[in-house]
Amino acid sequence: FEPEINDIVANIYTKYPVLEKYNFKVEQTGSEGVHGYPIEYFPTGERDNPFPERHYIGLNLGTSKYSEQQLEDAIFGDMLHALKNDVTWSNFRDAYLSQRTTEDISIDQKVYKDAVKQGDTRSYVDWMDLSRGDAYIREALKGNPEWLVGINDTQKDLLKGMELYLKGE
């Protein structure tokens with residue numbers, strides 16, 4: 001499994017060279033993880049990060065079956081969390097999210113309420129910043145049709161810009 005993970009990470013770096021500078025440690029943990037998610041990202045220096053000097057992604061897959069593409073998509077998506085302090089990336093992300101419709105925001109609020117019922121203790125602002133906002137970008141960049149419905153031309157242009165940025169172009 002480990003060589004496969006290393007191959008997947010190498011493939012992501014080939015597609016999106018900007019991510020390589022973040023020096024991710026990605027591994028199968030063999031446990032449920034700190035927060036109980038199948039894939040968990042920890043930034044450098046975070047208390048729960050087992051490799052605090054590196055951005056860390058722990059795969060807590062258990063007996064779950066993921067195709068190589070699904071695993072690559074998931075790892076890529078979690079890697080995007082590391083760009084939080086990248087000014088160019090943040091500008092793209094903020095511009096994209098500012099284009100959400102009132103319907104999108106209403107859905108976000110409902111999803112947030114469900115997350116709180118499931119035990120999420122973050123504020124709506126923190127949840128949006130650390131989870132949902134990244135989900136919009138991650139899923140759109142992966143081409144997930146559910147997240148592409150209703151996006152406007154500005155958002156399409158921003159996604160193209162993000163993709164080019166990740167490719168180092």
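- Classification of K15 and E72 as a salt-bridged pair holds, one side-chain N sitting under 4.0 Å from a carboxylate O.
- Counting heavy atoms from C-beta on, the side chains of Y41 and L80 never come closer than 4.5 Å.
- Pairs of residues two or more places apart, or lying in two chains, that qualify as side-chain hydrogen bond (donor to acceptor under 3.5 Å, both in side chains) and include a residue from residues 152-161 are Q99-N152.
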Verify side-chain contact (heavy atoms from CB on, under 4.5 Å) between D73 and N144, making sure each step is shown before the conclusion. CA-CA 10 Å; D73 287 348; N144 183 331; over 6 Å; no
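- Considering Q118, K117, R122 in turn, R122 is the only one that fulfils the side chain to side chain donor-acceptor pair (under 3.5 Å) rule with D120.
- N11 and T14 are not linked by any side-chain donor-acceptor pair at a separation below 3.5 angstrom, with hydrogens and angles left out of the test.
- When the shell of 6.0 Å around CD of Q69 is examined, it contains more than 12 heavy atoms from other residues, nucleotides or ligands.
- No more than 12 heavy atoms of other residues, nucleotides or ligands shown are found within 6.0 angstrom of CD on E146.
- Residues forming a ring pair (Phe, Tyr, Trp, His ring centres under 6.0 Å) with Y22 (at least two apart in sequence, or on another chain): H55.
- Using a 4.5 Å heavy-atom threshold, the side chains of Y136 and Y96 count as touching.
- A heavy-atom distance below 4.5 Å is not found between the side chains of I5 and E27.
- Annotation: side chain of F92 is not in contact with side chain of L166 (no heavy-atom distance under 4.5 Å).
- In this structure, CG on L19 lies 12.0 Å from CD1 on I75, to the nearest 0.5 angstrom.
- For F76 and Y16, the gap between ring centers is short of 6.0 Å.
- Look at K84 and D134 and you find no salt bridge, because none of the NZ, NE, NH1 or NH2 atoms lies under 4.0 Å from a carboxylate O.
- For N23 (side chain) and R54 (main-chain N/O), no donor-acceptor pair under 3.5 Å exists by modelled atom type.
- Cation-pi geometry between K25 and F51 is satisfied (NZ or CZ under 6.0 Å from the ring centre, within 45° of the ring normal).
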